[in-house]
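Everything on this sheet refers to the single structure shown next.
The model shown is predicted, which means the values in this text are computed figures rather than measured ones.
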Amino acid sequence: MEPVEINAGAWYLRAMRSDDRVDDRPALADLGEHRPDYVAHRAAQWDSAESCSWAVCEPTTGELLAEVVLNPSTGAVSTRARPGHEQAAVTGAEAVQRFADAVFGG
């Protein structure tokens, strides 16, 4: 499955990145995620449809504020947010739930 971008009003959701244009790893470290292969791991999960994950981003800078993860087989949605950005995670989770309902018949 290809990653899907979602517009969630004040934030937008996109696949996590670690390339020459955007590197989410410093923000992920603020979430306690220090595995160097984490972004690649999440991309592989999209490819296999095992899991769908999004970086919830501030639209003007693209900075990752929170992460939302969907398990397509169970419909479970989990989140984690950088300090002070809990609302981004909540709004992101709501948008992902709507996506899951539309795509997977949640």
Side-chain angles (χ1 to χ4, degrees):
M1 176 175 208
E2 289 291 317
V4 175
E5 291 189 2
I6 301 172
N7 182 336
W11 297 282
Y12 79 95
L13 287 67
R14 60 164 171 77
M16 283 177 252
R17 294 178 55 181
S18 174
D19 56 38
D20 59 341
R21 295 183 62 205
V22 177
D23 189 353
D24 289 326
R25 291 174 300 176
L28 287 165
D30 287 347
L31 296 173
E33 187 56 65
H34 299 284
R35 291 180 282 173
D37 66 338
Y38 187 74
V39 174
H41 172 74
R42 287 297 190 192
Q45 288 180 316
W46 267 105
D47 288 342
S48 68
E50 172 188 344
S51 180
C52 305
S53 57
W54 289 266
V56 181
C57 300
E58 200 286 321
T60 59
T61 65
E63 179 183 11
L64 182 150
L65 305 176
E67 176 185 27
V68 178
V69 179
L70 167 68
N71 180 327
S73 64
T74 66
V77 176
S78 62
T79 66
R80 55 184 173 168
R82 293 172 65 191
H85 299 289
E86 293 77 14
Q87 188 57 50
V90 169
T91 301
E94 291 167 349
V96 166
Q97 189 62 62
R98 288 188 300 274
F99 166 82
D101 292 346
V103 173
F104 300 108

Under a 4.5 Å cut-off applied to non-hydrogen side-chain atoms, are N7 and E5 in contact? no
Looking at W46 and S53, would you say the former's side chain and the latter's main chain have a donor-acceptor pair under 3.5 Å? yes
May I ask you to decide if V4's main-chain N or O and W54's side chain share a donor-acceptor pair within less than 3.5 Å? yes
For R80 and Y38, work out which heavy atoms get closest and say how close. NH2-OH, 3.1 Å
When rounded to the nearest 0.5 angstrom, what is the spacing between CZ in F99 and CG in L13? 10.5 Å
Working to the nearest 0.5 angstrom, can you tell me the gap between S18 OG and D23 CG? 4.0 Å
Does S48 use its side chain to pair, donor to acceptor, with the backbone of Q45 at less than 3.5 Å? yes
Side chains of V68 and V77: closer than 4.5 Å at any heavy-atom pair? yes
So, for S51 and V69, which heavy atoms are closest and what is the spacing to 0.1 Å? OG-CG1, 3.2 Å
Under 3.5 Å, side chain of D24 to main-chain N/O of R17, donor-acceptor pair present? yes
Shortest non-hydrogen contact from P72 toward E50: CD-O, 3.4 Å
Please say yes or no: joined through hydrophobic side-chain contacts below 4.5 Å, possibly via intermediate residues, are L70 and L65 part of one cluster? yes
Side-chain (R14) to main-chain (G62) donor-acceptor, under 3.5 angstrom: yes
What distance separates R35 CZ from L28 CG, expressed to the nearest 0.5 Å? 10.0 Å
Least distance between heavy atoms, V39 atom then M16 atom: CG1-O, 3.6 Å
Report yes or no: does R25 contribute a side-chain atom to a donor-acceptor pair with the main-chain N or O of P36 at less than 3.5 Å? no
Would you call V96 and I6 a side-chain contact if the rule is heavy atoms closer than 4.5 Å? yes
Of all heavy-atom pairs linking R82 and D30, the shortest is NH2-OD2, 2.9 Å
Could you check if a side-chain atom of E33 sits within less than 4.5 angstrom of a side-chain atom of E67, using non-hydrogen atoms only? no
Any side-chain heavy atom of M1 sitting closer than 4.5 Å to one from V103? yes
Return the minimal non-hydrogen interatomic distance between V56 and G92, and the atom names on each side. CG2-CA, 4.2 Å
